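All remarks here apply to the structure that follows.
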Amino acid sequence: MMQKKNLLISGVTLVEILIAIVIASIMMMALFTSYNVVNKSYTQVSDRGSISRINRNVISMLLKDIRMAGYYDINAQRFSSNELHPILITKDRECDKIVIVYGDRELDGGVVKFPLYQVTYQCKNSRLPDMKAPKNSQGKYPTLKLRAIYKTKKKWDSSSNNWADPATDGNTKTYAANLVVDYVEDLTFNPIDKNGKLIFPIPSVSQNSEKLNKIRSIDIALILRSTDEFYRNEKERITESLSDDTIEIRNSKETDKFLRDAIIVTAYARNIGTN
């Protein structure tokens, strides 16, 4: 009787267990591979969206300030100075600089005042370490071969007839050079006249100054590079920037795996005269 009962007990053999383990392992590998592919695709989309969003935010900041260039309240006192040109552009082979001047209307202790402000956007060498480069003799990583955009805001001091130092003027609306964005490869400003043509030579206080009030818009190009490697394969990547007649075309040619995002827009300086 006992022997007959034992015959009814079913089970699996060692071979069947091994086959089940192999099948389960194959399924887990397939799931892991699928997860990796989806996760990498999501990361790439997220990185692309992030750098594009940062680029748009910087451009929006520039558009706002350039649109204010040359604005004065109708009740503000008018006076001239070489320091008060609405827009001044300094060209460079790698990163341009722009200085914007505009007025404001503020209520200070019940008294209406009309201060003048100067906003400057300029590039400086990036201070971030390049972790992929070999360390120097001090055991430190060299900085990235990129630029960073800084913004400065100053207020006009009528007593000294000059721009006050934002570090000592006691004004909460002014500030010394503040970092706007890092990983910058190029920043270009081109002044455009009412006919849509590039003003050349680029007007300055000492050269072609009569054209400073002919500026009607500014063509802006900003190129940012991703913080981490983006592409799987390393190859030469070309990013085109704005060209002008003062320097050679500043197209970027780099052999690496990084993503670059370029935005080119036109900002209208609506407060500068129409003569």
Side-chain angles (χ1 to χ4, degrees), residues 19-63 92-96 121-151 178-190 219-244 247-266:
I19 292 173
I21 292 175
V22 170
I23 293 174
S25 298
I26 293 174
M27 292 178 64
M28 291 297 292
M29 289 177 62
L31 289 173
F32 182 74
T33 302
S34 300
Y35 171 79
N36 266 349
V37 171
V38 173
N39 185 60
K40 187 171 184 179
S41 298
Y42 172 79
T43 301
Q44 283 190 322
V45 172
S46 179
D47 289 347
R48 186 184 292 273
S50 177
I51 188 174
S52 179
R53 181 176 63 255
I54 294 171
N55 213 341
R56 292 196 305 271
N57 289 342
V58 177
I59 288 293
S60 296
M61 188 184 303
L62 285 164
L63 288 173
D92 189 85
R93 286 187 174 274
E94 296 177 340
C95 215
D96 294 349
Y121 290 90
Q122 67 181 100
C123 292
K124 299 180 181 181
N125 291 334
S126 175
R127 298 178 181 177
L128 297 177
D130 185 357
M131 307 298 288
K132 293 185 178 297
K135 294 182 179 180
N136 56 27
S137 57
Q138 285 78 35
K140 297 181 179 180
Y141 290 103
T143 55
L144 291 169
K145 295 180 180 179
L146 294 171
R147 301 289 181 270
I149 298 176
Y150 287 82
K151 179 181 179 181
N178 276 352
L179 176 65
V180 176
V181 65
D182 218 312
Y183 293 93
V184 176
E185 286 204 343
D186 190 25
L187 177 63
T188 307
F189 299 106
N190 285 343
D219 283 348
I220 311 170
L222 175 60
I223 301 176
L224 299 184
R225 199 206 75 181
S226 61
T227 57
D228 300 315
E229 292 182 341
F230 182 84
Y231 298 102
R232 179 179 300 177
N233 300 319
E234 184 175 289
K235 67 176 184 179
E236 184 180 74
R237 308 182 192 282
I238 300 175
T239 306
E240 295 186 358
S241 181
L242 283 178
S243 62
D244 54 58
I247 55 177
E248 61 187 23
I249 295 177
R250 296 179 346 191
N251 291 343
S252 170
K253 293 183 180 180
E254 299 291 342
T255 302
D256 54 31
K257 300 179 182 179
F258 292 101
L259 170 69
R260 288 164 179 84
D261 185 77
I263 292 184
I264 298 177
V265 299
T266 299

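Heavy atoms only: backbone and side chains are in, while hydrogens, waters and symmetry mates are out. Counting begins at 1 with the first residue of the sequence. Model, not experiment: these values are computed from the prediction.
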* Contact summary for L144 and P129, nearest pair of heavy atoms -> CG-O, 4.1 Å
* side-chain contact (heavy atoms from CB on, under 4.5 Å) between E254 and K145: does it pass, once the steps are laid out? -> CA-CA 12 Å; E254 299 291 342; K145 295 180 180 179; over 6 Å; no
* Asked: Can you name the residues that form a salt bridge (Lys or Arg N to Asp or Glu O under 4.0 Å) with R260, not counting sequence neighbours?
  -> E185, D256
* Roughly how far, to the nearest 0.5 Å, is SG of C123 from CG of D182? -> 10.0 Å
* Asked: What's the shortest heavy-atom distance between Y141 and M131, and which atoms?
  -> CE2-O, 3.5 Å
* Structure fact -> Closest non-hydrogen contact found for I238 with K253 is CG1-CG, 3.8 Å
* Asked: Going from CD1 on I220 to CD1 on I59, what distance comes out if it is rounded to the nearest 0.5 angstrom?
  -> 5.0 Å
* Tell me, please, which residues at least two apart from I26 pass side-chain contact (heavy atoms from CB on, under 4.5 Å). => V22
* Asked: Which atoms form the tightest heavy-atom contact between D96 and F189, and what is the distance?
  -> OD2-N, 3.0 Å
* Applying side-chain contact (heavy atoms from CB on, under 4.5 Å), run through R48 and F230 and close with a yes or a no. => CA-CA 9 Å; R48 186 184 292 273; F230 182 84; 3.5 Å; yes
* Would you check if C95 and L187 make a side-chain contact, meaning some heavy-atom pair closer than 4.5 Å? => yes
* Output, in order, the C-alpha distance, side-chain angles, deciding distance and verdict of side-chain contact (heavy atoms from CB on, under 4.5 Å) for V184 and V58. => CA-CA 11 Å; V184 176; V58 177; over 6 Å; no
* Any donor-acceptor pair under 3.5 Å linking the side chain of N55 with the backbone of D261? -> yes
* **Candidate pair I223 and R225, rule side-chain contact (heavy atoms from CB on, under 4.5 Å), full reasoning** => CA-CA 7 Å; I223 301 176; R225 199 206 75 181; over 6 Å; no
* Side chains of N190 and T188: donor-acceptor distance under 3.5 Å anywhere? -> no
* **side-chain contact (heavy atoms from CB on, under 4.5 Å) partners of M29, counting only residues at least two apart** => none
* **Nearest-0.5 Å distance, CG of residue N178 to NZ of residue K151** => 9.0 Å
* **Minimum heavy-atom distance S226-I51, with the two atoms named** => N-CD1, 3.5 Å
* Asked: Do S60 and R56 have side-chain N/O donor and acceptor atoms under 3.5 Å apart?
  -> no
* **Nearest-0.5 Å distance, OG1 of residue T227 to CZ of residue F258** => 8.5 Å
* Contact summary for P134 and P142, nearest pair of heavy atoms -> O-CD, 3.3 Å
* Give, for atom CG of L146 and atom CG of D186, the distance between the pair rounded to the nearest 0.5 Å. => 11.5 Å
* To do: Might you confirm whether atom NZ of K124 has over 12 heavy atoms from other residues, nucleotides or ligands at distances under 6.0 Å?
  => yes
* Structure fact -> One should read off an interatomic distance between Y183 OH and L259 CG, to the nearest 0.5 angstrom, of 13.5 Å
